[in-house]
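Contents: one structure, followed by commentary.
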Amino acid sequence: MAEGTVCQLEVEAPRVAKKAKPGQFIVLRIDEKGERIPLTMANQNLEKGTITIIFQVVGKTTAHLAKLEPGDALIDVIGPLGMPTHIEKYDGPVICVGGGTGVAVLYPITRGYKQAGNEVIGIIGARTKDLLILEDEMRAVTDDLRITTDDGSYGHHGFVTDVLKQILEERDNVKMVVGIGPVPMMRFVCKTTEPFNVPTTVSLNPIMVDATGMCGACRVTVGGKTRFVCVDGPEFDGHQVDFDELTQRLRMYMEEEKKSYELFKQKHA
Amino acid sequence: MAEKGKKIPRQAMPEQDPKVRAHNFDEVPYGYDEKLAQLEAQRCLQCKKPQCVKGCPVEVEIPQFIQYIVDGDFAAAARQLKNKNSLPAVCGRVCPQESQCEQTCILGKKGEPVAIGRLERFAADYERNHNLVTIPEVPPPTGKRVAVVGSGPASLTLAGDLIKKGHEVIIYEALHTPGGVLVYGIPEFRLPKAIVAAEVDYLQKMGVKIETDVVVGKTVTVDELLEDHDAVFLGVGAGLPLFLNLPGENLCGIYSANEYLTRSNLMKAYKFPEYDTPIARGKVVAVIGAGNVAMDAARTALRLGAETVKIVYRRSRAEMPARAEEIHHAEEEGVQFELLTNPVRFIGNEEGWVTGMECIRMELGEPDESGRRRPIPIEGSNFTMECDMVIVALGTRANPLIPSTTPDLKLNKWGYIEADPDTGATSKKGVYAGGDIVTGSATVILAMGAGRKAANAIHEYLMGQG
């Protein structure tokens with residue numbers, strides 16, 4: 001699978017499927033020598049006891065995941081972890097903004113807001129049409145779904161924030177914005193909503209190890225205070241998040257990650 | 001054999017040369033061989049009223065197991081140990097014997113006490129290495145089911161005790177490998193993971209079931225466990241790392257000791273890229289704190305290629321909480337000590353990596369509530385210590401995962417679970433707790449003692465249920 005490919009896996013994990021709520025995530029490990037990586041659940045099937053995870057191939061572990069065949073097993077699936085999304089009924093629209101694989105995280109949250117009786121506007125974007133995910137699913141749980149692509153191959157030619165700004169200018173009663181996607185996108189969603197004074201929630205995906213509050217690898221600064229994303233999050237008030245620090249911490253093992261991925265590619269060439 | 005009446009000195013345990021071992025993860029001491037063990041065992045006076053046993057939180061029958069070593073029946077010595085201690089190979093390595101059994105040994109009054117810990121280690125290793133481990137018969141099932149949350153020393157002890165009473169025991173562990181702090185916290189060079197695995201395997205062969213990857217409080221709640229178990233024991237440890245809350249503490253290259261050690265020990269990051277989990281390899285490393293965990297972190301950093309490792313501690317040498325043996329080993333390997341020094345902020349570069357620490361010198365004032373002399377900053381003594389990695393080893397607090405989903409579980413003001421010190425009983429019926437989640441960070445053996453007491457109380461509770 002080429003770098004950047006978006007993949008979907010259905011994993012048998014009945015305990016996790018039974019408990020999972022919108023906004024929560026899992027940690028998985030592929031094999032004995034594997035690392036623990038956090039991934040968000042896009043969906044769960046209670047009857048089959050399965051969860052659906054969607055991820056983009058960005059390094060060794062995701063490339064390895066993408067190579068798995070039906071019937072293969074993961075050595076560990078742990079969850080559901082993190083706090084569920086706080087969902088309530090607002091007397092105004094909720095805008096759910098998703099970029100790239102962030103749409104997978106956004107989808108169950110959007111569904112939750114819709115089921116709670118909200119007017120939900122969706123904005124989903126990708127670099128190009130082929131990378132856009134969950135369009136039909138998102139359409140089914142929104143009153144109005146807007147689509148953007150960076151290259152103009154589908155929907156609005158431009159960024160999700162262009163459309164977000166336009167809606168915020170048209171509708172003065174927007175009560176909540178949820179923005180989930182790559183860090184730069186979430187940062188711009190927050191910058192866009194700030195002048196309109198609309199509460200904005202983001203879902204963070206920093207580096208984690210145990211993901212149960214034991215190690216502090218995932219710490220972020222929110223409103224000047226250190227928080228652990230794995231137990232206090234993954235969702236925070238986006239206007240309070242120190243995105244610079246988050247970006248730097250996500251790059252901490254860039255060289256090791258590159259080395260690992262190169263070795264994997266050589267082995268599977 | 002020594003001649004009768006001739007005084008035998010306390011036998012040293014051979015160990016790896018410090019210069020060599022500072023660059024590998026193999027265990028530091030080699031352990032006694034049979035000859036050394038018997039020589040040391042002969043030093044025991046076989047007291048009629050052994051004080052050493054009183055010094056042991058799980059009351060190991062010390063003179064008896066030592067006598068078996070004198071007699072050359074090493075497997076019997078191991079079995080004697082296991083009557084009271086389900087983890088002898090672990091305790092022989094990590095117990096602070098100098099402040100427990102060996103402190104109360106009568107020989108210590110005038111000379112050096114019997115090396116009880118080294119003998120314990122020898123007997124347990126002998127039994128395991130010679131495949132002499134026998135699995136004791138368990139009584140017929142009582143029909144009672146006990147859920148044990150966490151798989152560290154308190155839980156493993158309790159599981160061993162309850163399975164031997166005929167109860168069904170299921171351990172739920174949040175991580176992917178059982179053992180708790182024994183696998184994620186204590187490094188390979190101090191406690192080889194194969195030994196922990198063997199002790200866990202022993203429990204499983206007796207019938208203890210272990211389910212890993214179950215985060216109680218998330219995957220299942222305590223109340224849900226009570227639906228299909230007759231009692232629940234919470235032995236989850238104190239897993240929340242403390243930070244200093246100083247400016248710059250979230251710079252890249254600054255770790256909690258928990259994270260650093262978990263990456264190295266549990267995830268085997270020291271074998272990267274064979275194992276996928278990476279770990280920073282600092283050249284100049286500052287470790288803040290001077291407990292056993294700080295020594296473990298400092299010695300791990302050396303083994304991962306650091307040129308300089310400094311323990312930075314705000315009090316003086318006399319107040320360092322680590323065991324003397326750990327401090328000695330660290331010093332031998334080249335760890336330096338920057339005492340009466342405290343960081344005030346961390347300094348980083350443009351990429352967000354730590355490049356140094358601004359520190360202040362301290363002096364000792366009057367004793368504080370802990371009985372230790374209070375460190376006081378010396379005004380104007382600030383200086384910059386250059387480093388490219390920092391490990392914060394200041395201890396831990398209670399993890400709120402279980403309390404936050406178990407509202408009727410009473411906590412103390414620090415967030416630890418309130419439990420009766422003699423029984424482990426909590427405010428919630430059928431729920432017991434022990435180890436660090438009750439006392440705060442302590443030792444392996446104290447957690448085991450708590451597991452023992454809770455096992456007795458749970459057994460009484462279950463049998464009283466009818």
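In what follows, chains carry the letters A, B, and so on, assigned in the order in which the sequence lines appear, proteins first and then strands, with residues in each chain numbered from 1.
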**Complete:** Max heavy-atom pairs within cutoff under 4.5 Å with chain B, candidates A/K259, A/K225, A/E245, A/K18, goes to A/E245
**Heavy-atom pair with the smallest gap, counting every atom of A/G213 and B/P241** = O-CD, 3.5 Å
**Item:** Pair B/E224 + A/K19: basic N to acidic O under 4.0 Å
**Value:** yes
**Message:** Less than 4.0 angstrom from a charged side-chain N to a carboxylate O is my criterion; do B/E351 and A/R251 meet it?
**Reply:** no
**Prompt:** Tell me, side chain or backbone of B/T221 under 4.5 Å from chain A's heavy atoms, or both, or neither?
**Reply:** both
**Message:** To the nearest 0.5 Å, what is the distance between CG on A/L250 and SG on B/C252?
**Reply:** 9.0 Å
**Request:** Determine whether more than 12 heavy atoms belonging to other residues, nucleotides or ligands lie under 6.0 Å from atom CD of A/E194.
**Result:** yes
**Asked** Is the number of heavy atoms from other residues, nucleotides or ligands within 6.0 Å of NZ (A/K258) greater than 12?
**Response** no
**Request:** Show your reasoning for whether salt bridge (Lys or Arg N to Asp or Glu O under 4.0 Å) applies to A/E32 and B/K268.
**Result:** CA-CA 10 Å; A/E32 199 47 52; B/K268 305 251 180 289; over 6 Å; no
**Asked** Which atoms of B/V392 come close to chain A, meaning under 4.5 Å heavy atom to heavy atom: side chain ones, backbone ones, both, or neither?
**Response** neither
**Message:** For A/G216, is there any backbone N or O sitting under 3.5 Å from a side-chain donor or acceptor partner on B/S256?
**Reply:** no
**Complete:** When the 4.5 angstrom heavy-atom criterion is applied to A/M83 and chain B, the contacting part is both
**Message:** For the NZ atom on B/K193, are there more than 12 heavy atoms of other groups (residues, nucleotides or ligands in this structure) within a distance under 6.0 Å?
**Reply:** yes
**Request:** Tell me yes or no: between the side chains of A/T212 and B/N399, is some donor less than 3.5 Å from an acceptor?
**Result:** no
**Prompt:** Relative to the ring of B/Y255, is the ring of A/Y253 parallel (under 30°), tilted (30 to 60°) or perpendicular (over 60°)?
**Reply:** tilted
**Prompt:** Distance only, no hydrogens: is a donor on one side chain within 3.5 Å (strictly under) of an acceptor on the other, for B/T212 and A/D76?
**Reply:** no
**Request:** Kindly indicate whether the side chain of B/P273, heavy atoms from C-beta on, has any atom under 4.5 Å from the side chain of A/F264.
**Result:** no
**Asked** Got B/R263 and A/V209 here, is their nearest side-chain heavy-atom distance under 4.5 Å?
**Response** yes
**Prompt:** Can you find a heavy atom in the side chain of A/I75 that is under 4.5 Å from one in the side chain of B/H176?
**Reply:** no
**Asked** Mind checking whether B/Y275 and A/E35 have side chains closer than 4.5 Å, heavy atoms only?
**Response** no
**Message:** Heavy-atom pairs under 4.5 Å with chain B: which of A/Q24, A/R219, A/E256, A/R36 has the most?
**Reply:** A/R219
**Request:** Check whether B/E211 gets within reach of chain A through its side chain, its backbone, both or neither, counting any heavy atom under 4.5 Å.
**Result:** side chain
**Prompt:** Nearest heavy-atom pair of B/K218 and A/P80: which atoms, and what distance?
**Reply:** CB-O, 3.4 Å
**Request:** Give the minimum heavy-atom separation between A/C215 and B/E259, together with the two atoms involved.
**Result:** O-CB, 3.4 Å
**Request:** Could you tell me whether a side-chain N or O of A/R249 sits under 3.5 Å from a main-chain N or O of B/N250, the two making a donor and an acceptor?
**Result:** yes
**Fill in**
Applying a strict 4.5 Å limit to non-hydrogen atoms, the region of B/L261 in contact with chain A is neither
**Asked** What residue in B/T277, B/L251, B/T219 has the most heavy-atom pairs under 4.5 Å with chain A?
**Response** B/T219
**Request:** Counting only heavy atoms closer than 4.5 Å, note whether A/T61 contacts chain B via side chain, backbone, both or neither.
**Result:** side chain
**Complete:** Greatest number of non-hydrogen atom pairs under 4.5 angstrom with chain B, of A/D210, A/V27, A/V220, A/T226, falls to A/T226
**Message:** Using side-chain heavy atoms (C-beta onward) and a distance below 4.5 Å, is B/L401 in contact with A/V231?
**Reply:** yes
**Asked** Has the side chain of B/D213 got a donor or acceptor atom that lies under 3.5 Å from a matching backbone atom of A/I78?
**Response** no
**Message:** Between B/D276 and A/K60, does any NZ, NE, NH1 or NH2 come within less than 4.0 Å of an OD or OE carboxylate oxygen?
**Reply:** yes
**Asked** Between B/T262 and chain A, which part of the residue has a heavy atom less than 4.5 Å away: side chain, backbone, both or neither?
**Response** side chain
**Asked** Within the distance-only criterion (no hydrogens, no angle test), does the side chain of A/Q248 pair as donor or acceptor with the backbone N or O of B/E350 below 3.5 angstrom?
**Response** yes
**Request:** Against chain A, label B/Y184 side chain, backbone, both or neither, depending on which of its atoms sit under 4.5 Å from a heavy atom there.
**Result:** side chain
**Prompt:** Would you find more than 12 non-hydrogen atoms of other residues, nucleotides or ligands less than 6.0 Å from B/E274 atom CD?
**Reply:** yes
